[in-house]
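Some notes on the structure that comes next.
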Amino acid sequence: GQSLEQPSEVTAVEGAIVQINCTYQTSGFYGLSWYQQHDGGAPTFLSYNGLDGLEETGRFSSFLSRSDSYGYLLLQELQMKDSASYFCAVRDKGNNRLAFGKGNQVVVIP
Amino acid sequence: DTAVSQTPKYLVTQMGNDKSIKCEQNLGHDTMYWYKQDSKKFLKIMFSYNNKELIINETVPNRFSPKSPDKAHLNLHINSLELGDSAVYFCASSQPQGSSGYTFGSGTRLTVV
């Protein structure tokens, strides 16, 4: 089976850096993904890590350590539009199922 | 526009009724999913279809029945609706590769009264 742990909420000022951590447990690991969801909106895909290391996409970076079953999403130069929930998700190799963590709400204040 | 589209966006209905939610994707993806998001924002997979074939059927009451007439469509029919079914239901699609993200529809907010 799969389980993911994420802390719940963080508030930060514009321009700051926020790191959202994720630890996971799965029987058939096939990558760690991150999704962003604004209130009332749909989850949107942000990034994917299949191998250990850091992936950078603009102001957002995602890291994976498979030996620690751990990853994080780094949000840099925070903007008001980054206020959203962020979910980590683990893909299962056997059935391609994507299991989501409980999400972390980021609130950006001026 | 290439997307996953689901209808209706909002659905308010009485307990005991039967309702359907439709989903279509024009991304050419092989796999489609239904997820349920509860009031605490927890996203839980319900069903997954690959090329019209059911591959995931989570522990979901059998009042919920998915139907995939072709690989671009995955509909969800719910019988005898209960108060606890109130949630946002998201349709999504993806390719099988682990690196490809899921594309989600805009969601259907179901309220059972």
Side-chain angles (χ1 to χ4, degrees), chain A residues 1-9 22 24 26 28-51 53 55 57 60 62 64 66 71 73 83-107, chain B residues 1-7 9-10 21 23 25 27 29-51 53-60 71 87-111:
Chain A
Q2 296 158 302
S3 68
L4 298 97
E5 293 293 325
Q6 282 185 264
S8 55
E9 185 173 315
C22 176
Y24 62 85
T26 180
F29 181 76
Y30 196 32
L32 184 71
S33 302
W34 290 91
Y35 286 76
Q36 178 192 61
Q37 186 180 26
H38 288 102
D39 275 349
T44 55
F45 174 69
L46 287 179
S47 68
Y48 170 81
N49 294 72
L51 300 174
E55 295 284 340
T57 313
F60 295 177
S62 57
L64 173 65
R66 287 174 296 172
L73 179 69
S83 292
S85 294
Y86 293 85
F87 296 87
C88 62
V90 166
R91 202 144 176 181
D92 185 287
K93 202 172 234 178
N95 56 21
N96 218 21
R97 172 196 289 127
L98 193 66
F100 284 81
K102 290 187 176 155
N104 187 307
Q105 174 126 25
V106 173
V107 177
Chain B
D1 280 345
T2 53
V4 178
S5 54
Q6 57 180 107
T7 54
K9 192 162 172 64
Y10 299 97
I21 308 172
C23 179
Q25 55 97 2
L27 298 162
H29 287 166
D30 291 328
T31 313
M32 295 185 74
Y33 313 84
W34 278 110
Y35 277 81
K36 178 180 179 181
Q37 188 169 46
D38 61 22
S39 56
K40 293 191 167 118
K41 296 195 175 180
F42 183 53
L43 270 162
K44 185 168 166 48
I45 190 164
M46 300 172 70
F47 301 104
S48 169
Y49 271 73
N50 188 60
N51 265 318
E53 185 185 332
L54 179 68
I55 54 171
I56 295 173
N57 183 352
E58 287 294 297
T59 311
V60 173
K71 80 170 195 177
V88 182
Y89 292 84
F90 285 101
C91 176
S93 71
S94 78
Q95 289 294 44
Q97 299 88 343
S99 58
S100 67
Y102 282 27
T103 303
F104 282 81
S106 56
T108 297
R109 182 173 292 276
L110 172 66
T111 304

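Convention: sequence-line order gives letters A, B, ...; per-chain numbering from 1. FYI, side chains are in, hydrogens and waters are out, and symmetry mates aren't considered; it's all heavy atoms of this structure.
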Requested in this report: Take the angle between the ring planes of Y24(A) and F29(A) and call it parallel below 30°, perpendicular above 60°, tilted in between.
Outcome: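 Taking F29(A) first and then Y24(A), their aromatic rings lie parallel (interplane angle under 30°).
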**Report entry** Aromatic ring proximity F45(A)/Y102(B), centre distance under 6.0 Å
**Finding:**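 Here the rings of Y102(B) and F45(A) have centres that are no less than 6.0 Å from each other.
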**Report entry** Residue, of R109(B), K44(B), Q37(B), that accumulates the most heavy atom pairs under 4.5 Å with chain A
**Finding:**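 Result: the option with the highest number of such pairs is Q37(B).
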Heavy-atom distances under 4.5 Å only: say whether [X] touches chain A with side chain, backbone, both or neither.
{"X": "T103(B)", "value": "neither"}
{"X": "I45(B)", "value": "side chain"}
{"X": "S106(B)", "value": "backbone"}

**Report entry** Pair K102(A) + D38(B), salt bridge at N-O below 4.0 Å
**Finding:**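 D38(B) and K102(A): not salt-bridged.
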Query raised in the report: So, Q6(B) side chain and G107(B) main chain: donor-acceptor pair closer than 3.5 Å or not?
Result: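 Between the backbone of G107(B) and the side chain of Q6(B) there is a qualifying donor-acceptor contact (under 3.5 Å).
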